[in-house]
Amino acid sequence: MNVPLSQPYLDEAEIQAVTDVLRSSRLSIGPQTDAFEDLFAKTLGSKYAIAINSGTSGLHLAVRALGLKAGDEVITTPFSFIASSNCVLFEGATPVFVDVEDESLNIDPAKIEAAITPNTKAIIPVHVFGQSANMTAIMDIAKRHNLYVIEDACESIMARHNGQMAGTFGDLAVYGFYPNKQMTTGEGGMIITDDDNIYRLCKSMRNQGRGDSLQWLSHARLGYNYRISELTAALGVVQTQKLPEIIEKRRAVANRYNELLQDVEGIRLLTIEEGNDHSWFVYGVRVDARVRGDLLERLNARGVQSKAYFSPCIHLQDFYREDFGYKEGDYPIAEQISHEMLVLPFFTQISEAEQQYVVKVLKEEMAQLKQVGIEGKTL
Ligand SMILES: *Cc1c(COP(=O)(O)O)cnc(C)c1O
């Protein structure tokens, strides 16, 4: 058996929607983009939604819309996909990392205030793996210190914190629709906000800085081509319609893994914080850091596609080490998690048989490794 790490959840409805766009001849800036934005804003409960061509583009526009620039510091997490911190570098501002909570994997609010300086302008919490960061505590800190908040919600669409949708706490939030995400458009992203000015700026900057006049060759400000195509937007409409179903199905898949793995020695399951509703992005388990590498090799060799997520942490990526002098030990909790985390095959339509196979192989290989031991020492 070969079980992929992830798979998009698509059927004839998406194929039909994209085909219809092709037949319409309207391939960019059209009714599908409007429909995608309207439906997305309604589904997430925001005033505005702006579709863009990737989550990374969305993060870049977010940083620019808030006017963050060289000399400004932005507090964020080292345990994330690199785009959540690179977006700060795009504008010459400085990411300042704060270590994470061991259980939620998200930025630790108790450590944020110590990192605030007179130059701090914003916080970018990332809702990692499908779990909302502690937005109650983060918004409280942001208000007291007059800081902007950009939520990187790329991994946690429809997750909730105390009943409120992740992504609706801060000034704006960003989503990404790469094929491994809960919903996908191939490539694509979305910004949501309730702020009129942020909306206006993001909409203009995604389209070469054009102003509201819609004069094609009149450019009010520096902008980019971060537009989404009508084919992509059409996919987005169908996927957004399916979101509640997708989130439910993924929850059932995660619950089944939780049951199959609950008593397996040496495996630590993900913790969901009280008050949080999870939106399952990946299914990660934690194992002894000393066996993680071997285990990954053995799983992949037997058709169980697995990955070390996020490894290394952002601050330990080569160019962050070189440019900022970061080193091992700077953010010990994030580093420990990144050494232990093993992400298993997980997608909306994975079958029960596939999940059983994954767990069987995982159990067998764990037992094998236990016998062999580490560097001659029995575990
Ligand atoms: C997926 C993801 C993004 C955006 O990725 P794109 O490939 O640019 O759409 C940003 N931040 C996090 C944490 C992500 O997981």
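Remember, predicted model here, so these are calculated numbers, not experimental data. Atoms within each ligand, like the ligands themselves, are counted from 1 in listed order.
Listed by atom number, the atoms of ligand 1 under 4.0 Å from T56 heavy atoms are 4 (C), 5 (O), 6 (P), 8 (O). Near V126, with a cut-off below 4.0 Å to any heavy atom, the atoms of ligand 1 are 13 (C). Atoms of ligand 1 lying under 4.0 Å from at least one heavy atom of G55, given by number and element, are 4 (C), 6 (P), 8 (O), 9 (O). For ligand 1 and S80, the ligand atoms under 4.0 Å from any heavy atom of the residue are 13 (C).
Although no hydrogens or angles enter the test, the distance criterion places a donor-acceptor pair under 3.5 Å between the side chain of E151 and the main chain of F169.
Within 6.0 Å of CZ in R23 there are 12 or fewer heavy atoms belonging to other residues, nucleotides or ligands. The number of heavy atoms from other shown groups lying within 6.0 Å of CZ (F324) is above 12. Within a 6.0 Å sphere centred on CD of Q262, other residues, nucleotides and ligands contribute more than 12 heavy atoms. The environment of NZ in K111 is crowded: more than 12 heavy-atom neighbours from other residues, nucleotides or ligands sit within 6.0 Å.
Taking the charged nitrogens against the carboxylate oxygens, D330 and K327 do have a contact shorter than 4.0 Å, which makes a salt bridge.
Counting protein heavy atoms only, atom 2 (C) of ligand 1 is closest to K181 NZ, 2.8 Å. The protein heavy atom nearest to atom 15 (O) of ligand 1 is E155 OE2, 2.7 Å. In terms of protein heavy-atom proximity, atom 3 (C) of ligand 1 is nearest to C154 SG, 3.5 Å.
Using a 4.0 Å cut-off between heavy atoms, D152 contacts ligand 1 through its side chain alone, with no backbone atom that close.
In this structure, G189 does not count as a contact residue of ligand 1, since none of its heavy atoms falls inside 4.0 Å of the ligand.
In this structure, K47 is not positioned above the aromatic face of Y199 in the sense of NZ or CZ being under 6.0 Å from the six-membered ring centre and within 45° of the axis.
The N/O atoms of Y178, backbone and side chain alike, include none that comes under 3.5 Å of an N/O atom in ligand 1.
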